[in-house]
Amino acid sequence: MLYLDNSATTKIHSEVLETMLPYLREEYGNPSSKFYLLAENAKKAVSKAREQVAELLGCDADEVVFTSGATESNNMIIKGIADYYGRRTDVNKNMLTSKAEHPSVIETFNYLEKYDFQINYLDVDQFARVDIQKIKEAVVHDSPMLTSIMWGNNEIGSLNPIEDLSLVFEENGLFFHTDATQVVGKVPISLNKLKGVRLLSLSGHKIGGPKGVGAAIIRKQSKEIFTRLTPLLHGGGQENNYRSGTLAVHNIVGLGKAAELAHKNLYKNIKRLNDLEKYLTDIFKTNLGDKVKFNSDEKNKIPGLISLQFIGVNNELLLKKLSPFAALSSGSACSSSKPSHVLSAMGKSLEEVRQTVRITLSTDVNENQLELFREIK
Ligand code: PMP
């Protein structure tokens, strides 16, 4: 079966699995314990993983906070800033985001509305991108306590102008968070050059790592001063007090290895995914002509993610029919029961939403396998 739903999750990389296994068997120490070898080994393994993640993102290792995944990182950052800075009655409780964010961002903002936060959900364009001009205006008008705009969209693949947004927030000093879950390992990231990006989220299982682990990047404002936020989980004070709980060493080690591989193979993977994407889109274009319509933009996008419509074909029926041969998705795996809020925000009609299919390639597939799609008539 051809697996083409890599935005939902990826197959664990064999080297990642090998790196994790000792930490599920003999290396079971708690990194918060002291002196004896098992504990020291666990501590060293976590510390190496932190370096590997930092290397991939171009930040400092002590800015990496391990979490259970991007959902937790997004919740922790948004609620954490809201709680830490929003407790005073005299503060401005405005926050800014977009209508195309992942549910773990949108739903968290919806929750904050119950506590008197005013959330501005900005419209997006036909490719689900934000308009930098509208961000600048909202920032001048409202001085939002926090702005959260995703780097790359999980349904359409469009990239937002993060470098430009970073400059805006570097200038005004307001908190800016980006959900980078879908772009890690797919676009070069150098946080040391993006001074305005103060907070970032990612998940391990989107880059060949295990499920149940991710990171929140919390940048230092100066050498020592970290961005402050209230933790989601209180307890033993692990992860610099940002995230209590005994560290899942095997998962963290797996995320570290996945980050190392993503870093090492970044440009090779980008090229391969772009080549495969072109091969597949050419098949659709030559074979189906105007019976297909592409939702994704051709440029400034996540390599290997294609969102397209098969005109007049119900996506659920098509996916079901294809399911013995190929795994695809009708949108995102997170909201499959509801019509996509992203496609709706892009201005697509219900009919267009119902004929949309998302294909996300990986470097594990080859051109011969993609020939399967010539069968679609
Ligand atoms: N943000 C984005 C953009 C995503 O695509 C996802 C996963 N679909 C998440 C956040 C949540 O990641 P996780 O389910 O691993 O917590």
Side-chain angles (χ1 to χ4, degrees), residues 3-12 16 53 57 65-80 97-111 121 124 127-130 148-160 162 165 177-187 189 197 199-217 232-233 243 245 248 251-252 254-255 258-259 262 296 301-307 327-338 340-343 345-346 358-362:
Y3 184 74
L4 298 177
D5 200 12
N6 289 280
S7 292
T9 198
T10 58
K11 178 172 146 192
I12 194 161
V16 169
V53 173
L57 302 178
V65 176
F66 291 116
T67 64
S68 65
T71 298
E72 182 186 328
S73 301
N74 288 339
N75 271 265
M76 167 177 145
I77 288 167
I78 298 167
K79 289 181 191 159
T97 189
S98 89
K99 289 185 180 163
E101 300 299 311
H102 187 265
S104 58
V105 167
I106 295 205
E107 293 296 327
T108 307
F109 279 120
N110 289 348
Y111 166 81
Y121 302 89
V124 290
F127 296 118
R129 291 197 186 98
V130 293
S148 180
I149 302 293
M150 72 202 317
W151 195 318
N153 187 277
N154 50 309
E155 293 191 35
I156 296 300
S158 303
L159 299 174
N160 272 314
I162 293 296
L165 286 167
H177 163 245
T178 189
D179 177 353
T181 308
Q182 293 290 346
V183 302
V184 174
K186 306 264 177 67
V187 303
I189 299 180
V197 177
L199 302 142
L200 179 145
S201 308
L202 64 95
S203 243
H205 69 104
K206 309 281 184 183
I207 58 164
K211 293 173 184 63
V213 66
I217 308 302
L232 209 54
L233 303 181
R243 207 268 185 183
N251 268 348
I252 290 170
L255 171 58
S296 301
K301 65 177 290 296
I302 297 170
L305 194 163
I306 309 164
S307 170
L328 321 175
S329 149
S330 59
S332 79
C334 321
S335 52
S336 43
S337 57
K338 294 182 261 168
S340 154
H341 70 286
V342 176
L343 294 170
M346 288 161 61
R358 180 188 68 179
I359 299 175
T360 32
L361 299 159
S362 80

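In each ligand, atom 1 is the first atom listed, and ligand 1 is the first ligand listed.
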Could you tell me which atoms of ligand 1, counted from 1 in the order shown, lie closer than 4.0 angstrom to a heavy atom of [X]?
{"X": "Asn154", "value": "3 (C), 5 (O)"}
{"X": "Ser203", "value": "12 (O), 13 (P), 15 (O), 16 (O)"}
{"X": "His205", "value": "13 (P), 15 (O)"}

Cation-pi check, Lys11 to Tyr3: give yes when NZ or CZ is under 6.0 Å from the six-membered ring centre and within 45° of the ring axis, no otherwise.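 Verdict for Tyr3: no cation-pi partner in Lys11.
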Okay, side chain of [X], backbone of [Y]: is any donor-acceptor separation there less than 3.5 Å?
{"X": "Lys206", "Y": "Asn6", "result": "no"}
{"X": "Thr10", "Y": "His205", "result": "yes"}
{"X": "Arg358", "Y": "Asp5", "result": "no"}
{"X": "Asn160", "Y": "Ile162", "result": "no"}

Which is closest to atom 10 (C) of ligand 1 by heavy-atom distance: Thr9, Asn75, Asp179, Thr71?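 Nearest heavy atom to atom 10 (C) of ligand 1 lies in Asp179.
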Nearest non-hydrogen contact with atom 8 (N) of ligand 1 belongs to which option: Met150, Lys206, Lys211, Glu101?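 Shortest heavy-atom distance from atom 8 (N) of ligand 1: Lys206.
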Please say whether Ser104 places an N or O atom under 3.5 Å from an N or O atom belonging to ligand 1.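 No; every N/O pair is 3.5 Å or more apart.
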Could you tell me whether Ser7 and ligand 1 have an N or O pair separated by under 3.5 Å?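 No.
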Please walk me through it: do Arg243 and Glu72 pass side chain to side chain contact (heavy atoms under 4.5 Å, CB included)? CA-CA 10 Å; Arg243 207 268 185 183; Glu72 182 186 328; 2.7 Å; yes
Heavy-atom pairs closer than 4.0 Å: do any link ligand 1 to the side chain of Ala70, the backbone, both, or neither?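 Both backbone and side chain.
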Ignoring hydrogens and geometry beyond distance, is a side-chain donor-acceptor pair present between Ser203 and Thr181 at under 3.5 Å?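 Short answer, no.
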Ligand 1 contact by Glu72, heavy-atom criterion under 4.0 angstrom: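 Not so, Glu72 does not reach ligand 1.
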